[in-house]
Amino acid sequence: MASEKAAKAENAAASVAAKAAGKVAPLQSPFPLATLRHSVSHLMASAVEALFPGAQFGFGPAIEHGFYYDFELPEPLEERALERIENEMRRIAKKAGAMVCSEYTREEAAARLEKRGQKYKLEAVQSIPAGEKITFYAHAGWEDLCEGPHIDRFDRPFFFKLQRVAGAYWRGDEKNPMLQRVYGTAFWTKEDLAQHLAWLEEVERCDHRHLGTELDLFSHHQEAGGGFIFWHPKLGAVRREMEKFWWDLHQARGYMPVYTPHVARETLFAVSGHLENYGDLMYAPMAIDELPYRVKPMNCPGHILIYQNRGRSYRELPLRWAELGTVYRYERSGVLHGMLRVRGFTQDDSHIFCTPEQLPGEIAGVLELVRTLLSTYGFEFTAYLATRPKEKSIGTEEVWERAIAALKEGAAKAGIPLELDEGGGAFYGPKIDFKMKDALGREWQTSTVQCDFNLPERFELSFTDKDGAKKRPIMVHRAIYGSLERFTGVLIEHYGGKFPFWLAPTQVALIPIREAHGEYCRELAARLGAEGLRVTCMDDAAHMNKKIKEAAHDKVPFLLIAGEREVAERKVTVRQRDLEQQESVPFEEFLERARQLARTRSLVL
RNA sequence: GCCAGAGUAGCUCAACGGUAGAGCACCGCUUUCGUAAAGCGGGGGUUACGGGUUCAAAUCCCGUCUCUGGCCCCA
């Protein structure tokens with residue numbers, strides 16, 4: 001078992017490394033890539049001023065894969081203007097020569113910006129703390145307030161591309177005016193740029209929205225409104241496997257299933273505090289028998305009602321209750337995105353009610369569960385301990401300390417290292433969030449474990465302890481998939497639509513060479529089906545070339561081809577996804593292999 | 001929600017003021033074939049929806065819905 005896990009992890013790591021290779025840029029030249037990109041953002045700004053006189057400038061930093069610069073322009077910027085800007089950048093770069101840094105006093109700086117009418121830059125210069133240096137960087141007669149650092153000159157070889165235009169609020173605050181942002185990227189070599197662009201193409205190819213259409217996995221509909229996912233049968237099959245796996249893990253760890261309604265009286269959410277703290281994200285009330293009801297945005301109040309239904313003894317704790325609970329949240333239209341950001345989604349939600357003493361053990365249990373689940377899908381992950389927020393939060397300092405200590409202790413027990421996310425906790429308690437890395441090297445937030453001091457208080461939860469005293473239980477919220485929709489969307493991209501055998505919507509396709517071999521194939525299909533495998537028998541009149549093409553298009557893991565030779569020897573010719581070479585094996589041997597792959601939830605295929 | 005762009009057959013796209021088209025998919029007939037598209041034929045669109053301009057609108061204008069890229073927020 002241990003070696004099997006190691007093999008899984010190794011396989012996943014190799015695939016991650018291979019795919020991520022595209023985005024790792026080697027360090028070269030005397031300046032880091034981020035410095036080059038920052039300088040190219042200046043170059044772009046100077047080009048924009050040349051082409052759009054009267055432009056106001058915001059900020060223009062380097063970011064993870066490139067840079068951006070925010071502008072306020074007299075006219076809307078269209079994507080097709082990017083080429084013009086690029087050409088102007090090349091023209092300026094040719095004659096630019098050196099990049100020169102000058103230091104000024106606050107007054108001098110303000111005067112220089114005033115002269116050019118740069119209102120955003122003026123605001124920026126005013127917010128530079130006293131005592132800090134105020135510098136400008138200039139090239140080709142164009143200067144910008146900037147702390148640097150920058151490359152020394154523009155006549156070095158470098159390669160860039162402007163990518164897209166977008167809107168962005170000044171200083172990220174939606175009360176401020178919206179500026180136009182141009183994103184781009186830059187590299188020291190042509191090859192690195194080409195490699196990065198190839199990686200972006202690969203990301204595009206793996207986009208779950210495209211694959212979702214191509215593989216007939218899911219859809220959304222204008223008739224239903226944005227943010228609601230319709231799972232097609234093929235993705236339904238994947239989800240059933242995910243749910244089965246999920247439940248197997250939970251059952252083995254002492255969780256019990258609960259089921260709660262989707263709608264409840266508004267008063268329930270008033271008691272829970274959701275109305276007050278979460279109201280903007282909740283759907284409007286509906287009147288039932290003249291009383292207001294709400295669609296649930298979270299599952300916790302429902303689980304609490306079950307807890308409260310009778311007195312609880314310390315003997316029962318910890319209680320671990322789990323539900324695949326579908327919740328609905330009003331998300332602003334602009335944030336919706338495929339399966340990754342939706343308005344209705346199913347959380348693999350669970351609430352653990354326990355004593356303070358039990359907390360570290362419970363946390364360790366959850367973390368182990370997270371690790372087992374994520375690694376089965378081939379994800380690497382990082383765990384972050386999120387501590388008390390600076391602004392409002394509830395609970396005494398002592399309670400927070402104890403909970404954080406319990407989270408740390410639990411993580412140590414489970415052998416999971418924690419990064420620190422200072423002040424990132426919820427107002428009601430500290431938490432551990434997981435970021436998992438997919439095959440393309442991108443990070444996603446899914447799993448979370450949260451301590452909650454708020455709800456037990458609000459609902460006055462209690463248990464009777466050994467000494468007969470009523471005490472307050474601690475509540476742990478945790479979700480591992482987070483949202484089935486989001487996790488599945490990430491999975492589609494992670495696998496590029498090539499689901500491993502255990503998850504594949506169709507696991508095996510049988511292809512008879514002639515009609516006469518159809519009966520043999522149907523028999524084998526029935527055998528495989530009886531094993532619980534998802535099989536299709538392609539015994540219609542089409543030519544076999546076409547069937548192979550179709551099955552390959554659907555990314556079916558195994559094609560079994562049977563003609564005269566196979567029928568005679570009770571064999572099948574196995575054509576494995578993405579493998580040129582094929583082998584002819586006894587059917588029983590294939591069946592055993594398929595069983596094994598499914599049972600172990602192998603990532604190998 | 002905000003800024004910008006877009007919505008034509010199931011999918012990918014063409015037509016960009018003058019009769020809405022192609023490839024793939026789908027259906028039918030023929031073909032029974034040894035490894036990634038067999039041949040022939042056929043059906044399918046109130047051009048997202050609603051209004052307007054015009055002799056004439058997929059095409060121009062306005063509104064709504066949905067989507068895309070971002071901002072903000074988040075599972």
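Proteins get letters first, then strands, A, B, ... in listed order; numbering begins at 1 in each.
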Distance between the C1' atoms of A9(B) and C13(B), in whole angstroms?
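These two C1' atoms come out 11 Å apart once rounded.
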Can you tell me which nucleotide in [options] comes closest to the side chain of [X]?
| X | options | result |
| --- | --- | --- |
| Y169(A) | C2(B), A75(B), C67(B) | C2(B) |
| R181(A) | G70(B), A75(B), A36(B) | G70(B) |
| K546(A) | C2(B), C73(B), A25(B) | A25(B) |

If you go through the side-chain atoms of E566(A), does one of them form a donor-acceptor pair with the base of G34(B) closer than 3.5 Å?
yes
Could you list, one pair per line, each protein nitrogen or oxygen that sits under 3.5 Å from a nitrogen or oxygen of nucleotides 30-32 of chain B, together with the distance?
unit_1, atom_1, unit_2, atom_2, d
U31(B), O2, H543(A), NE2, 2.9
U32(B), O2, E515(A), N, 2.8
U32(B), N3, E515(A), OE1, 3.4
U32(B), O4, E515(A), OE1, 3.4

Just checking, R181(A) and Y68(A): is the charged tip under 6.0 Å from the six-membered ring centre and within 45° of the axis?
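Verdict for Y68(A): a cation-pi partner in R181(A).
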Can you check each nucleotide of nucleotides 5-16 of chain B against protein heavy atoms at under 4.0 Å and return B for base, S for sugar-phosphate only, - for none, in 5' to 3' order?
S-B---S-----
Could you state the interatomic distance from CD (E443(A)) to CG (D438(A)), rounded to the nearest 0.5 Å?
9.5 Å
Strictly distance-based, threshold 3.5 Å: is any side-chain N or O of R478(A) a donor or acceptor partner for the main-chain N or O of D348(A)?
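Here the side-chain-to-backbone pair exists.
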Judged by atom type as modelled, is there a donor-acceptor pair below 3.5 Å linking the side chain of K121(A) to the main-chain atoms of G58(A)?
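Yes: the side chain of K121(A) pairs with the backbone of G58(A).
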Looking at R371(A) and E368(A), does any basic side-chain N land under 4.0 Å from a carboxylate oxygen?
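Result for this pair is no, no salt bridge flagged.
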Just checking V342(A): base, sugar-phosphate only, or nothing, at a heavy-atom cut-off of under 4.0 Å?
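Counting heavy atoms under 4.0 Å across all strands, the contact made by V342(A) includes a base.
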Select from E564(A) and T448(A) the residue whose nearest nucleotide in RNA chain B is closer to the 5' end of that strand.
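Between the two, 5'-proximity favours E564(A).
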Flag side-chain contact, heavy atom, 4.5 Å: R171(A) against Y120(A):
no
